[in-house]
Amino acid sequence: MSLLHVAILLPFVAALLIPLFYRWTKKLHTGWLALPIPVALFIYFLTFIPKTAQTATTATLEWIPRYGINFTVVLDGLSLLFALLITGIGSLVVFYSIFYLGKNKERLNNFYAFLLIFMTAMLGVVLSDNLIVLYLFWELTSISSFLLIGYWYHRERSRYGARKSMMITVFGGLMMLGGFLMLHIMTDSFSIREILSSASSISENVFFIPAMILILLGAFTKSAQVPFHIWLPDAMEAPTPVSAYLHSATMVKAGLYIVARFTPLFAVSGVWFSVISIVGITTMLWGSINATKKTDLKAILAYSTISQLGMIMTLLGIGSASLHFDSMNDNIYVAAIVAAMFHLFNHATFKGSLFMVAGIVDHETGTRDIRRLGGLMRIMPITATIAFIGTFAMAGIPPFNGFLSKEMFFESLTEIIHLNLFNLESWGIILPVVAWIASVFTFVYSMMIFFRTFTGKTKPYLLPKKPHEAPLGLLVPPSILALFVVGVGLFPNLIAAPLLEPAVKAILPTLSHASSFHIHISFWHGFTPALLMTIGVIVFGILLYKTQRSWKPFISSKVPKALRIGKAYDNGMFYLEQGSYRLTMYVMTGWLRTYLNYMLFAFIVLVLGTLFITDSLNFDFANLTQITLVDGVLAAVIFVTLIGIVFSRSRITSIILLGAMGYTISIFFVIASAPDLALTQLVIETISVVLYLLVFYHLPQFSNIEEKPKLFSTKTLLSIGVGVTVTLIALSAYDTTFYDSISKYYIDNVYKEAAGKNIVNVILVDFRGFDTLFETAVLAIASIGIFGMIKLRLTKRRKKNENE
């Protein structure tokens, strides 16, 4: 196991240990135990910056090599950028939560265990090279985020938000798994690197487009793209440290990672460009408009996150055109990929700080409602300064880092007009126009966050708590992020060469061979169309901000409730639950014979259907053994005992006849020279008869009401159907073979491999050892359950007798 594997699994191991140490360290805030993990990992990943600029680091841990499933990790420029965000922001979030969550009020052992499990899941997603391993970590992010969002499980809204995020993201994950399996079918490999190298050979495969759509469904659900965005606002019911971590730097970025990682494979198709660009720009517009309608700080930030994710998704879509239209000299559309990676980093810094600011405001005032806030700049000047930097960076105002990546976004949009896939008079102009409108609303909600919260008059009579500046522990993490916002804004090339350039080369591998490709981000580009678009955003943004009362009612009332996606989800879940309940009540009658009828019917349909579909109804009686007089007598005995069981009205008679039938069958095995089977049959029949007799006293009496037999009753038809099915199986199995029999393998290897002479025993104990072990475990669990129910019944009876 390499250090990279240890780095991925270390937070998970720590999560398992935290509940143990929690008992002996209750006087110490549990966050101090968790903090060294992300800090150490962040420092560890920093050491890879010089290496990743040259080559990727690979390590493999064999898991299921026979099926090509190994825990292979690859650290290249793209995964390193994400790993640094996961561990760096994670360190700040853990430090922030130490001062945000009280050790005497919260279940801190659970919180930090869930948080560290999530960290392992995210690191596994971005570092895994194997599709199946990636999928396992992908679903682990859904499970751990479910636990984090529902951390305050005593709140109904927290439980609702956790379930909603789980349902939508797990649905997307299952779709993505289908896409992964299709890729495996096309390439016969689970390795992402090997699959990416097969892009040209599989692009015409019939599974190529379906695999692309399924994988995009997984990415869109995780990154809250329209129409799957509805889970993100409800996830804001989680504690603020969770929101700052999951929804600014990690979980919602997982979908972006998948899109970026598979761009070299799927971008050969124009469908990839179209779907990602259209979904991304729609999400950007929808999120920015809805953010202006909210009054809760975290709700505004939630919709702003949706909008910003749409912006990055759009850039990835535009950048995919580079595989078709760029040459090594211009790299017009490669600039969109650069802008996507740059804004991904910038968004993590300013949005992380803003979520922490929202938590500080809530923590120190008791509310996040901007209608009740105002004038906090005089009371909380440091918090206000951090909020100013974060909101203005999000609005795209210089000199902050958000301005630079937004300018690059506008430049990419202006270039898309010249793309040959579009017509200038129609589609070519839509993306820039929609993006510009969305940016105007982005400016508006950014100003709402800052000015409605920190300027104007204070309203102490509307605040649950007397406001005051936050303690130093809460201010340090957002201050560090704010420094990155300013520092990267003024000196963007500090991260251009070491972080952004390797990430872009990982997305577009052809650039790795271009020695002339270097990223240089300039603060001033002259009077370009992008700058004019920015000026327009500021002018119209100020105008809309000042006239909110005029247009807000209009956009708030134009979408009927019945057409809202969130309402459709709620209705769908309601009818699904109602339908499931009614079906369950109809099927689950409480009668064992009813359940047996279901199973027998399914057995008949499935087996007979398989026999007909596979053309397995073959009968050959030429080589059958001759039926002797003894065989006829034994068959007659079995038939007589069977009739006696069916028509007997005495339970003791039925038990005796059932045992007699079993003993008669064992004689058949003796005649057929199968003493092992005969012995097994005798033991089973003896045990069955003894067990029946042991519980005979507790069995219910036969009903005194005679049930008149019906010729075409359900029981009769099922009995005939099962009999016919089993007979056809027995006759067809004699002359139907799809595969070579495994008996020869057992005969050759029983003694050599297992050192046993009894072939039946060796198969059960050695070759099918796990099967036997699990069967034994099932019986043991059932026995324990039965014993527990008997003890419970006896205890209740004793208490009842004592009360009487």
Side-chain angles (χ1 to χ4, degrees), residues 588-604 633-672 674-709 713-723 725-727 729-730 760-761 764 771-798:
M588 304 300 289
T589 61
W591 295 98
L592 293 178
R593 59 173 174 264
T594 303
Y595 306 149
L596 182 60
N597 289 342
Y598 296 151
M599 289 187 286
L600 293 176
F601 178 76
F603 169 76
I604 295 170
V633 172
L634 292 176
V637 172
I638 292 174
F639 181 76
V640 171
T641 55
L642 174 62
I643 297 298
I645 293 171
V646 172
F647 289 98
S648 173
R649 301 301 301 165
S650 169
R651 183 168 282 117
I652 187 67
T653 303
S654 299
I655 294 173
I656 293 173
L657 291 175
L658 184 64
M661 180 188 292
Y663 292 135
T664 305
I665 293 174
S666 67
I667 298 175
F668 265 121
F669 294 145
V670 173
I671 295 173
D676 288 342
L677 291 178
L679 181 61
T680 304
Q681 180 72 21
L682 288 172
V683 172
I684 291 175
E685 289 300 329
T686 303
I687 294 175
S688 299
V689 172
V690 171
L691 288 176
Y692 272 126
L693 292 175
L694 286 175
V695 300
F696 180 79
Y697 174 79
H698 301 283
L699 294 176
Q701 297 295 322
F702 278 125
S703 173
N704 293 324
I705 302 175
E706 289 288 343
E707 183 179 349
K708 295 181 180 180
S713 66
T714 303
K715 295 179 181 178
T716 304
L717 294 176
L718 283 175
S719 300
I720 294 173
V722 171
T725 302
V726 173
T727 302
I729 291 174
V760 175
N761 291 346
L764 292 175
D771 186 23
T772 305
L773 175 64
F774 292 145
E775 290 177 356
T776 307
V778 169
L779 291 174
I781 294 170
S783 301
I784 294 172
I786 294 170
F787 177 77
M789 288 188 289
I790 294 174
K791 291 284 291 184
L792 181 63
R793 182 177 180 181
L794 294 175
T795 302
K796 288 183 177 180
R797 182 178 295 177
R798 186 181 70 252

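Just so you know, residue 1 is the first one in the sequence shown, and it goes up from there.
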Inset, instruction - To the nearest 0.5 Å, tell me how far Ile643 CD1 sits from Leu657 CG. - result: 11.0 Å

Inset, instruction - Heavy atoms only: give me the nearest Ala678-Val670 pair and the separation to one decimal. - result: CB-CG2, 3.6 Å

Legend entry - Asp771: partners by side chain to side chain donor-acceptor pair (under 3.5 Å), with sequence neighbours left out: Arg768

Inset, instruction - Can you measure from OG1 (Thr776) to CZ (Phe774) and round to the nearest 0.5 angstrom? - result: 10.5 Å

Legend entry - Leu658 side chain reached by Val689 side chain, heavy atoms, under 4.5 Å: no

Going by atom type alone, with no hydrogens or angles, which donor-acceptor pairs under 3.5 Å involve a side-chain atom of residues 592-603 and a protein atom two or more places apart or on another chain?
unit_1, atom_1, unit_2, atom_2, d
Thr594, OG1, Thr589, OG1, 3.3
Tyr595, OH, Thr589, N, 3.4
Tyr595, OH, Gly590, N, 2.8
Asn597, ND2, Arg593, O, 3.3
Tyr598, OH, Val587, O, 3.3

Inset, instruction - Nearest 0.5 Å please: distance from the CD1 atom of Ile684 over to the CG atom of Leu679. - result: 10.0 Å

Legend entry - For Ile667, the option from Val633, Leu682, Leu634 that meets side-chain contact (heavy atoms from CB on, under 4.5 Å): Leu634

Inset, instruction - Indicate yes or no: at least one non-hydrogen side-chain atom of Thr795 is less than 4.5 angstrom from one of Arg798. - result: yes

Legend entry - Nearest atoms (heavy-atom pairs only) where Ile638 meets Met661: O-CE, 3.9 Å

Inset, instruction - Name all pairs fulfilling the side-chain hydrogen bond (donor to acceptor under 3.5 Å, both in side chains) condition that reach into residues 677-690, sequence neighbours left out, sorted by first residue then second. - result: Tyr663-Thr686, Gln681-Glu685

Legend entry - Atom pair NZ (Lys791) and CG (Leu794), whose distance is rounded to the nearest 0.5 Å: 7.0 Å

